[in-house]
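Structure first, commentary second.
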Amino acid sequence: MKKNAFLFLIIFTTTNIYSQNYNISFAGTGASTTVNSVKVDNLTQNTSVTLNTGDVLHLGTVGINETLKSNEKLYIYPNPMQGKSELSFYANKDGDAHISIVDIAGKEVIHTGKKFNKGIQNFLLTGLKQGMYFVNICSETYFYTSKLISQYASHNEATIEYIGSDNSTTTLNKLKTTTATVNMAYTTGDRLLFKGISGNYSNIITNIPTTSKTITFNFTACSDLDNNYYSTVLIGTQIWMAENLKTTHYNNGDSIPNVTGNAAWLSIETGKYCNYNNTPANSTTYGRLYNWYAVNTGNLCPTGWHEPTNTEWTALTTYLGGESMAGGKLKEVSFVHWNSPNTSATNETGFTALPGGFRSSNGAYNYLGDYGYWWSYTEYFSTTAWYRYMLSNNSNAYSLNENKADGFSVRCIKD
């Protein structure tokens with residue numbers, strides 16, 4: 001599989017400083033093999049960081065003692081390596097430092113350490129066999145890490161030779177132009193949400209890192225005729241949109257009527273949409289509200305996607321342990337959008353359910369921040385259809401039926 005770009009998440013252990021020793025790489029597959037950026041949310045600690053292409057995220061139980069400055073970088077050239085490479089890094093104070101080179105399986109290939117004076121330190125690296133490696137440099141006051149690819153089929157022993165200190169302007173400029181190491185506090189058992197972005201594609205994966213691995217984003221096309229591009233998430237065997245639908249057009253190009261008046265909302269049994277409280281800004285965050293007649297057209301979701309049936313909703317909640325606990329696993333964490341108490345919210349699925357409220361058949365808007373409602377495609381009776389809803393004050397994902405003229409949110413599922 002072709003991989004055009006990688007982002008690397010490094011969780012590295014050294015005595016008395018870090019408690020993890022994981023190397024996690026990121027790659028893309030599906031509609032794109034390029035990973036432009038990754039947003040990482042620590043759902044347990046409610047913190048987040050964003051990585052650009054080539055950046056490295058360092059996770060540690062205890063953060064490094066000093067924030068890395070612009071000239072405190074690791075430089076490897078050439079990379080990919082052709083038999084030998086120069087390795088340079090900045091020691092921000094006098095003291096011991098350790099250099100470790102680890103292969104993709106986590107096996108240490110080279111380890112060396114010595115006391116350095118403050119300044120730029122240079123090494124010559126030779127003899128690495130063909131493959132991917134992680135170069136880790138750690139002291140009590142700095143930590144650097146980078147990936148290294150060797151394209152040389154060496155039969156010699158891998159070596160690293162110290163060739164001295166160099167504080168020249170040229171070397172300083174090289175260090176300043178290397179990619180950044182991004183630090184994030186991490187405690188064993190923290191759940192992380194990774195949002196990988198490749199152009200207009202976006203994919204979400206949640207994970208509790210426990211070992212070295214490669215996390216591969218499966219980029220899937222999901223966009224409507226209004227040029228809204230939606231994040232996607234795999235839950236069990238189903239691929240869902242990870243945000244609420246916002247379209248104002250059916251996928252055949254027809255416009256969906258935007259109905260603001262109460263009487264018009266109830267009057268005719270045809271497809272309609274609205275913005276909560278008739279305020280378009282609400283739809284930017286929560287998506288739009290649709291009556292069931294819009295869902296029933298079968299043309300509401302993007303091409304290649306469809307409106308979930310009641311059976312497909314049930315498959316989701318069953319996979320998550322049943323209705324009584326599924327809501328907590330689907331709801332976005334924190335109180336940014338959900339009102340307190342947002343009971344049992346973990347978002348461990350990455351579904352990121354939001355409390356978009358609803359519009360009743362008489363036109364009244366209710367419960368933004370407290371309730372989230374989502375239609376199914378399945379009819380219950382001539383005037384009612386199945387839907388799911390979640391509340392701020394419990395962990396349930398309820399299954400009920402309601403008036404087809406009500407306005408609910410919509411999530412689509414991959415064909």
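Note: hydrogens, waters and symmetry copies are ignored here, and every other heavy atom, side chains too, is used.
In this structure, the ring pair (Phe, Tyr, Trp, His ring centres under 6.0 Å) partners of H337, at least two apart in sequence or on a different chain, are Y286. With sequence neighbours excluded, no residue satisfies ring pair (Phe, Tyr, Trp, His ring centres under 6.0 Å) with H249. When the disulfide bond (SG atoms under 2.5 Å apart) test is applied to C301, the partners found at least two apart in sequence or on another chain are C412.
When only modelled atom types and interatomic distance are considered, D406 and S360 share no side-chain donor-acceptor pair under 3.5 Å. Between the side chains of S88 and E86, a donor-acceptor pair is found at a separation under 3.5 Å. There is no side-chain donor-acceptor pair under 3.5 Å between N277 and R359. Under 3.5 Å, the side chains of N347 and T352 contain a donor-acceptor pair of N or O atoms.
One distance of note links OG of S344 with CG of N394; it measures 8.0 Å at 0.5 Å rounding. Expressed to the nearest 0.5 Å, how far CG of L192 lies from CD1 of I208 amounts to 8.5 Å. One finds the OG atom of S150 at 8.5 Å from the CG atom of L125 (value rounded to the nearest 0.5 Å).
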Enumerate donor-acceptor pairs with a distance under 3.5 Å from any side-chain N or O in residues 198-205 to protein atoms, sequence neighbours excluded.
{"residue": "S198", "atom": "OG", "partner": "S32", "partner atom": "OG", "Å": "2.6"}
{"residue": "S198", "atom": "OG", "partner": "T34", "partner atom": "O", "Å": "2.6"}
{"residue": "S202", "atom": "OG", "partner": "S231", "partner atom": "OG", "Å": "2.8"}
{"residue": "N203", "atom": "OD1", "partner": "N218", "partner atom": "N", "Å": "3.2"}
{"residue": "N203", "atom": "ND2", "partner": "T232", "partner atom": "O", "Å": "3.0"}
{"residue": "N203", "atom": "ND2", "partner": "T232", "partner atom": "OG1", "Å": "3.2"}

Extract all donor-acceptor atom pairs below 3.5 Å that involve side chains of residues 43-51 and protein atoms in other chains or at least two apart in sequence.
{"residue": "T44", "atom": "OG1", "partner": "R191", "partner atom": "N", "Å": "3.0"}
{"residue": "Q45", "atom": "NE2", "partner": "D190", "partner atom": "OD2", "Å": "2.6"}

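A distance of 6.0 Å or more separates the ring centres of Y371 and F358. Here W240 and F351 bring their ring centres to under 6.0 angstrom of each other. Checked against the 6.0 Å centroid threshold, W375 and F408 count as a close aromatic pair. In this structure, the ring of Y380 has its center no less than 6.0 angstrom from the ring center of Y387.
Within a 6.0 Å sphere centred on CD of E108, heavy atoms belonging to other residues, nucleotides or ligands number more than 12. Environment of CD1 in I268: sparse, with no more than 12 heavy atoms of neighbouring residues, nucleotides or ligands closer than 6.0 Å. Other residues, nucleotides and ligands place more than 12 heavy atoms under 6.0 Å from the NZ atom of K39.
Judged as a salt bridge (Lys or Arg N to Asp or Glu O under 4.0 Å), the pairs with a partner in residues 362-390 (not counting sequence neighbours) are, in order, E379-K404.
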